[in-house]
Number of protein chains: 2
Amino acid sequence: MPKRVDHRERRALIADALMRVAAEQGLEAVSLRHVAAAAEVSPGMVQHYFRTRDEMMVFALAVVRERNEERVRRAVEPLGATPAPRALLRAMLAELLPLDEERRADGRVALAFLAYTAVRPAVAAALHDETAALLAFVAGQIAAGSPLVADGRVDPERSAVGLLAVMEGLGIYVLGGHYPPETALAALDAQLDLIFGADPAR
Amino acid sequence: MPKRVDHRERRALIADALMRVAAEQGLEAVSLRHVAAAAEVSPGMVQHYFRTRDEMMVFALAVVRERNEERVRRAVEPLGATPAPRALLRAMLAELLPLDEERRADGRVALAFLAYTAVRPAVAAALHDETAALLAFVAGQIAAGSPLVADGRVDPERSAVGLLAVMEGLGIYVLGGHYPPETALAALDAQLDLIFGADPAR
DNA sequence: CGTTTTACATTACGACTGCATTGAAAAGAG
DNA sequence: CTCTTTTCAATGCAGTCGTAATGTAAAACG
């Protein structure tokens, strides 16, 4: 039954298999045939939906980003329409940490892409806008929510850079198994304490 | 003139070529032939000193670590025998940031190895001890140097985790070209401000 | 001196790679 | 019905990969 197939669905299916391969064996193991095997389809079909390997990679990178975005959206949702800045940031950033096996798998793929894009500046450029936007958002939340901003002890822009860097770095260390997720979570909270002032309620 | 050759020197020469290849094209481009070409030697010679590709990789990873260690040592040296904790940490961590092209190249390789070890837990285990030691050292410096530790506003262990994570994360973002080195340096100083208390002298 | 050992260079092999090509079958469109 | 388009499957090809095997020349050794 050809003709009536959902292209997006097929591509998502294939990208899913790609993610599994990449999570288990790294991006260098991502080949047409491996992905096809993981998706339990023929190599020909993979080739039908992605004419080149690079095309497949670019798509997969987009999938990684969308997954994270969606994850964050769902994590923030229960906080209501106007959440407290600190709680909002904590929910967002904690969600982006590889705290369970699913996020660990995605994290490994994201890390692989980080290294991948580091030697392919053209691909990396697409990520800059996203980072800039996220940075601005975080800075805004800090400016709005931290009492330490007023007296100049905290600079929103610099702190936002630091906070995102902490999140990224914690993720890397957890993925490398250098310390357990709880340690990362504690460090994230400590960082928020530093930025927002210690929270005696915890 | 065979026989009288320095094995370590040859291996270093080859590892050097490997680093260049990895920095420019990623670890997946690191093959016997590519490395041999970069080192301007025959593939046979590479094979003579590294019987397998994995062996070469393991050696290169060790080189990356030694380079960083040596770099930090040289950066800390001029501070004298008993440097102030904050200045010491600042010198160490700033040195580990990819602030110039040489460190950028090394950073790209390190990042590639991060992704590489993430799917090879056996190789990663060797790094754990190093991280633990570094973490303990940083925590010690914070405990000794931050006035905020006494009243409990700063926890040395958690802050150490956070500080190293910041450094790692900043490195990643700079490598990705998301912001310039100065931004990372500013964020690092801001982080030190948060941990040690703002330094009005700067 | 001859013999052994070391240091490479060269070649070969099988497995894999991305990709182009070809083919067939199924479901519209007319 | 025929014709065309889409969806896949299968095969082939040129190139790269890691690694093993073989060959050769030179220094060290007895």
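First the proteins, then the strands, lettered A, B, ... as listed; each starts at 1.
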Quiz item: Is the shortest side-chain N/O distance from B:His48 to OP1 or OP2 of C:dC8 below 4.0 Å?
Solution: no

Exercise. For residues 65-91 of chain A, pull every pair meeting ring-ring contact (aromatic ring centres under 6.0 Å, His included), keeping only residues two or more places apart or in separate chains.
Key: none

Exercise. For B:Glu182, enumerate each residue passing the salt bridge (charged side-chain N to carboxylate O under 4.0 Å, His left out) test, keeping only those at least two apart in sequence or located in another chain.
Key: none

Protein-nucleotides 12-17 of chain C N/O pairs closer than 3.5 Å?
residue : atom : partner : partner atom : Å
C:dT17  : OP1  : A:Ser31 : OG           : 3.0

Donor-acceptor pairs are to be reported for all side-chain atoms of residues 22-37 of chain B against protein atoms at under 3.5 Å, with residues two or more places apart or in another chain.
residue : atom : partner : partner atom : Å
B:Ser31 : OG   : B:His34 : N            : 3.2
B:His34 : ND1  : B:Ala29 : O            : 2.8

Quiz item: Choosing from C:dC8, D:dC8, D:dT19, which nucleotide comes nearest the side chain of B:Gln47?
Solution: D:dT19

Quiz item: Does OP1 or OP2 of D:dG18 have a side-chain N or O of B:Arg51 closer than 4.0 Å?
Solution: no

Quiz item: Distance check: side-chain N/O of B:His7 vs OP1/OP2 of C:dT6, anything under 4.0 Å?
Solution: no

Practice problem: Take the C1' atoms of the five end pairs on each side of the helix from C:dC1-D:dG30 to C:dG30-D:dC1, get both axes, and report the angle to 10 degrees. | Solution: 10°

Quiz item: Where is the tightest heavy-atom contact between B:Ile195 and B:Leu148, given as atom of each residue plus distance?
Solution: O-CD1, 3.7 Å

Self-check item: Any pair counted as ring-ring contact (aromatic ring centres under 6.0 Å, His included), so long as it reaches residues 93-124 of chain B, sequence neighbours left out
Solution: B:Phe113-B:Tyr116

Quiz prompt | Nucleotide of C:dA9, D:dC8, D:dA9 approaching A:Ser42 most closely (side-chain heavy atoms) | solution = D:dA9

